[in-house]
Amino acid sequence: MSEFAKYYVEFLWLALQNVWSLLKGIGNFFYRIFVGDAIGYFELIFKNVDDFNAVAWILLIIVSVMHVLLAFFLLYRLFQIIRRYFIFRSKEIEKDKLLEEIARLHEESERLIREKEQLFSLKVGVSPPAAVYQTVNEKANGNKSENGTLVGESGSRFTKLISLDEKYEQFPNKVYMTEDDMIPLSEIVKRFVNFAASQLSLYYTEDTIRLFFAGMASSKIIILEGISGTGKTSLPYAMGKFFDNNAAIISVQPSWRDRAELIGYFNEFTKKFNETDFLSRLYESTLREDPNFIVLDEMNLARIEYYFADFLSIMEMPDVAEWTIDLIAAPSVSDPKNVIYGKLLVPQNVWFIGTANNDDSTFTITDKVYDRAVAITLNEKADYFDAPVTENYVCSADYLSHLFDEAVKQYSVSEKSMGQIKELDEFIQKNFRISFGNRMMKQLSVFLPVYMACGGNETDGIDFMITTKVLKKFTALNLPFLTKEIQGLIGFLDKKFGKGKMKKSVEYLKQLQKIS
């Protein structure tokens, strides 16, 4: 051992001497060429300059200039290399700072979302909902699942969605209904009205809730519009509480221009998908069996047909298996289990509820959106009433769909009503150049039976659909020149359906007369 140590020390000493000789030689080289021999250069010139002729002097000047330029070029290149190194280092430092800022802003946005939910909960007088997934802070502090891995830290591009997979793998959402839960739609309507009043101090008329459930049956998009403070946002919030599945409240921003604002996008810099709260809740609905409500609060602060275009298009497809949203071009084995080939199938247990105020700060909701949705106007709050204490309702989305299907079979639209609707269509086409369209007739064939199954009257259902689907399009007409035609339409409604039967339609037409 001592012999090896002696050898190794001598080896290191010899190697260090050679390194020192190399460094010393390099230093001596630069010293000699720039300092030590600098005087010798001039002495050599003065020694031979007396014998120079004109040509020699010219060559001397040219060679001296070339030497100076070469020295300058070498020094400049050295300066550039050093400068590029420092620029590169500063950019890398800026990138690190930018990543830290992104993480901080993401954490701040989650904190603000939680505060918004708490404030909204306080506003409606209920406890704030539990967090669906852990925040960035909790992950950073090392909260782990039972298998010892950080929640959501699976190496996937979809951190939030993977955390939902892990959550529901441990606690699957299964809805077990008892015989007492197998109640008809009319009883569900009454039960909700009493639940909202007794548990949340929110008051709605039975007719409003009938319209809501009939809207759910005929469309996946429901628009709640009207003046502020009438319970537009509170209604889907209460509906989520009723089905024991908190509604997701998504605040629409005026800056939204495309689908990336709604569902997120793949960040090429971080190699992660920027998942929005909307996407998280949409994906979570694929893991649940109960009804899910996603609320687009103040949905017309931005143009709906821009940021919601993908959903408006796919929901026109008759085959629900084609209701897929493209999330990412290149699929990966680490993607969430319900993201298949980079696509997410919009499940049938989710409804999109949009709230809308009509004022100068909002965009007009176009016919393209109205045609695909069911619009319910809430301009008045229901009066207080003493409701019996009612608990929430255990119900699967499949059972609700079953009730809708049974209603269509049991309460088909009468031939008399279909004849009246056809005559009304012909009258409006002739006088106003507006047609009902196949989409409206398809919705009508589902809306009316479900509305009647909820306890409503067939004529009232027709009145609602005519007002919201047809008469709203009259605002685009030149009303001052149609005063006679509007009065004729009022008379036609009273004659065909009975005087005072089509209250909403007649009232709306009279408002148009005042405007014109």
Side-chain angles (χ1 to χ4, degrees), residues 106 109-110 113-114 117 129-136 139 145 150-175 220-221 236 240 243-252 256 258-267 270-296 307-315 320-353 396-398:
H106 185 64
S109 69
E110 287 195 348
I113 289 168
R114 292 198 306 275
E117 290 178 349
V132 175
Y133 46 80
Q134 293 173 306
T135 62
V136 174
K139 291 177 183 176
S145 61
L150 281 173
V151 176
E153 295 295 329
S154 60
S156 173
R157 300 171 293 189
F158 297 88
T159 307
K160 292 181 181 179
L161 305 193
I162 287 294
S163 68
L164 290 171
D165 278 344
E166 293 173 356
K167 173 187 173 183
Y168 282 94
E169 187 176 354
Q170 288 185 330
F171 308 103
N173 175 253
K174 300 292 182 184
V175 178
K220 288 293 179 182
I221 308 169
F243 288 109
D244 199 21
N245 182 13
N246 293 319
I249 312 294
I250 310 297
S251 296
V252 175
W256 286 12
D258 54 42
R259 51 168 270 165
E261 309 286 355
L262 191 66
I263 64 176
Y265 61 93
F266 181 69
N267 191 322
T270 62
K271 300 302 179 184
K272 294 283 186 181
F273 196 95
N274 284 15
E275 304 149 285
T276 62
D277 293 332
F278 178 91
L279 177 62
S280 295
R281 186 50 188 268
L282 181 62
Y283 182 80
E284 186 179 9
S285 64
T286 67
L287 304 171
R288 300 184 66 94
E289 295 182 352
D290 49 5
N292 290 256
F293 301 96
I294 301 178
V295 182
L296 296 172
Y307 67 83
F308 206 62
D310 285 7
F311 292 88
L312 293 174
S313 297
I314 64 171
M315 290 178 187
V320 295
E322 297 178 355
W323 288 19
T324 57
I325 296 294
D326 290 324
L327 294 183
I328 198 161
S332 170
V333 293
S334 64
D335 287 346
K337 67 179 183 179
N338 287 341
V339 176
I340 312 298
Y341 298 113
K343 301 175 185 289
L344 177 63
L345 178 67
V346 177
Q348 293 303 296
N349 64 337
V350 64
W351 283 266
F352 304 100
I353 316 298
S396 68
D398 287 342

(request) Carefully, step by step, assess L296 and I353 under the rule side chain to side chain contact (heavy atoms under 4.5 Å, CB included). (result) CA-CA 6 Å; L296 296 172; I353 316 298; over 6 Å; no
(request) Given side chain to side chain contact (heavy atoms under 4.5 Å, CB included), test N338 with L345 step by step and report yes or no. (result) CA-CA 8 Å; N338 287 341; L345 178 67; over 6 Å; no
(request) Take Q348 and V320 through the test side chain to side chain contact (heavy atoms under 4.5 Å, CB included) and record every step on the way to the result. (result) CA-CA 8 Å; Q348 293 303 296; V320 295; 3.6 Å; yes
(message) Would you say the ring centers of F158 and Y283 fall short of 6.0 Å from each other?
(response)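 For F158 and Y283, the ring centres are not under 6.0 Å apart.
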(request) Flag the pair F311 / F352 as yes when their ring centroid distance falls below 6.0 Å, and as no otherwise. (result)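 When the ring centroids of F311 and F352 are compared, they turn out to be within the sub-6.0 Å range.
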(message) Treating T324 as the side-chain partner and K343 as the backbone partner, does any N or O pair qualify as donor plus acceptor under 3.5 Å?
(response) no
(message) A quick test of your reading: do over 12 heavy atoms of other residues, nucleotides or ligands sit less than 6.0 Å from CZ of F266?
(response)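 Atom CZ in F266 is packed in, count exceeds 12.
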Identify the heavy atoms of [X] and [Y] that sit nearest to each other, and give their distance.
X	Y	answer
S156	K272	O-NZ, 2.8 Å
L164	S280	CD1-O, 3.4 Å
A397	N349	CB-CB, 3.3 Å
L279	L344	CD1-CD2, 4.0 Å
R259	L327	NH2-CA, 4.1 Å
N245	P291	ND2-O, 3.1 Å

(message) With side chain to side chain contact (heavy atoms under 4.5 Å, CB included) as the criterion, how do D398 and E289 come out once you've worked through the C-alpha distance, each side chain's angles and the decisive distance to 0.1 Å?
(response) CA-CA 8 Å; D398 287 342; E289 295 182 352; over 6 Å; no
What's the spacing between [X] [atom1] and [Y] [atom2] if we round to 0.5 Å?
X	Y	atom1	atom2	value
D290	F243	CG	CZ	9.0 Å
W256	S251	CH2	OG	8.0 Å
E284	I294	CD	CD1	9.5 Å
R281	I249	CZ	CD1	9.5 Å
Y168	S163	OH	OG	10.5 Å
N292	L287	CG	CG	9.5 Å

Should [X] and [Y] count as side-chain neighbours, where that means a heavy-atom distance under 4.5 Å?
X	Y	value
I221	F308	yes
K337	E169	no
N267	F273	no
I250	V295	no
L161	D165	no
T159	E275	yes
V175	R288	no
I314	V346	yes

(request) Check step by step if side chain to side chain donor-acceptor pair (under 3.5 Å) holds for Y307 and D258. (result) CA-CA 4 Å; Y307 67 83; D258 54 42; over 6 Å; no
